[in-house]
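What follows is a set of notes on a single structure, which appears directly below.
Every number for a ligand or one of its atoms is a count from 1 in the order of the listing.
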Amino acid sequence: MGAEPDSPATIDSSMAGALAQLREAFLPRFQAAPTEQALRDENAKILGKKGELTAILKGLGQVPPAERKAIGEKVNALKNEVEQGFERCLRDLRAKLRQAELSAPAFDLTLPGRMPATLGHKHPISLVREEVVAVFRQLGFAVFDGPEVEHEENNFTLLGFPPDHPATDMQDSFWTESGHLLRTHTSNIQIRAMKSLKPPMAFLAPGAVYRRDDDATHSPMFHQIEAFLVDRNVTLAHLKGVLAEFAERMYGPGTPVRLRPSYFPFVEPGAEVDIGCVFCKQSDGTRKGCSLCKHTGFIEVLGCGMIHPVVLRNCGIDPDEFSGFALGMGLERIAMLRYGIPNIKLMFDNDPRFVAQF
Ligand SMILES: [Zn+2]
């Protein structure tokens with residue numbers, strides 16, 4: 001075309017030439033595509049935003065108005081041809097690939113895989129349970145197991161809950177038709193151990209427990225771990241010593257422990273236990289307070305107390321000779337504190353993306 005500016009006539013003819021060229025070329029290009037992706041790429045090179053036909057279409061504005069209509073119709077006709085050609089080639093290609101698949105040697109599904117299988121992850125609750133059990137094992141506690149479907153006696157009565165005690169209302173329970181219930185805490189294990197063995201004893205009771213509770217921080221099924229120790233001359237000082245060791249080994253050296261008086265029917269005295277907040281701990285060991293500890297620098301982790309003399313007597317242990325302590329914690333709460341999990345429900349959703357983070 002030389003250096004002369006394009007005259008309307010040459011724009012028109014060069015456009016017609018480009019259209020003709022594209023009409024010649026598009027089908028062989030489609031047919032040469034070996035895969036569906038290659039075919040789609042080729043189609044995009046023509047019809048895409050920056051495609052060849054789109055570029056021609058953009059030049060339409062420079063065509064004299066009198067010829068614009070005729071050229072425009074040609075462009076549209078070619079566009080239809082290209083679209084239909086693409087569809088046809090796509091169908092043919094898929095049929096060809098399917099045919100090749102069918103005539104190829106059959107898959108042997110019994111062959112071992114070549115990719116190494118990705119390993120599963122332990123659930124955060126299992127992880128913290130193992131950690132807590134390990135800490136108490138170091139302190140000399142052994143694991144004692146008990147059933148999840150329990151007699152009312154072992155779950156309430158022997159622990160000092162009379163039938164009309166407000167605490168039995170507090171813990172709305174799942175009852176079976178035979179009058180048994182799903183245990184509402186792991187304290188049934190304490191009762192079973194004390195009924196069947198003579199002191200001294202130091203046991204750990206991990207397990208699932210059930211209550212009619214269901215919201216963002218409560219689940220109808222959750223996990224507790226309880227530790228209890230019965231011997232001669234056991235005092236609150238022993239309990240506090242064990243708690244201090246637990247806090248140090250579980251949450252790091254120097255983690256402070258605080259006991260606040262509280263009420264549970266099966267202990268006297270009873271206390272709730274706070275540890276130094278794990279979320280706002282500074283590198284120098286101090287806590288500056290945060291929303292999770294309500295700016296107190298402490299977070300509640302468990303309940304504890306000296307086993308009530310009545311409970312000891314209920315299990316055939318003489319409270320004048322023996323005393324003991326018990327402490328219990330919710331494993332979900334420990335896991336939430338450990339890993340900064342904001343909602344208890346995440347732990348029961350079974351979403352592999354969640355579990356894979358631990
Ligand atoms: Zn805090």
Quiz prompt | Set of side-chain hydrogen bond (donor to acceptor under 3.5 Å, both in side chains) partners for T235, sequence neighbours left out | solution = H238
Output a table of donor-acceptor pairs, distance under 3.5 Å, between side-chain atoms of residues 243-256 and any protein atom two or more places apart or on a different chain; print 'none' if there are none.
residue : atom : partner : partner atom : Å
E245    : OE1  : R249    : NE           : 2.8
E245    : OE1  : R249    : NH2          : 3.1
E248    : OE2  : G254    : N            : 3.0
R249    : NH1  : Q138    : OE1          : 2.8
T255    : OG1  : Y251    : O            : 3.2
T255    : OG1  : G252    : O            : 2.6

Exercise. Any pair with a residue in residues 294-345 that passes ring pair (Phe, Tyr, Trp, His ring centres under 6.0 Å), sequence neighbours left out, goes on the list, sorted by first then second residue, please.
Key: Y339-F358
Practice problem: In plain terms, say whether E130 and K122 are close enough for a salt bridge, that is, a side-chain N and a carboxylate O under 4.0 Å apart. | Solution: yes
Quiz prompt | Protein N/O/S count near the Zn ion (ligand 1) (criterion: distance under 2.8 Å) | solution = 4
Quiz item: Does I299 share a hydrophobic cluster with L259, counting links as ILVMFWY side-chain heavy atoms below 4.5 Å and allowing steps through other members?
Solution: yes
Self-check item: Check ion pair R232-E321 (N to O, under 4.0 angstrom)
Solution: yes
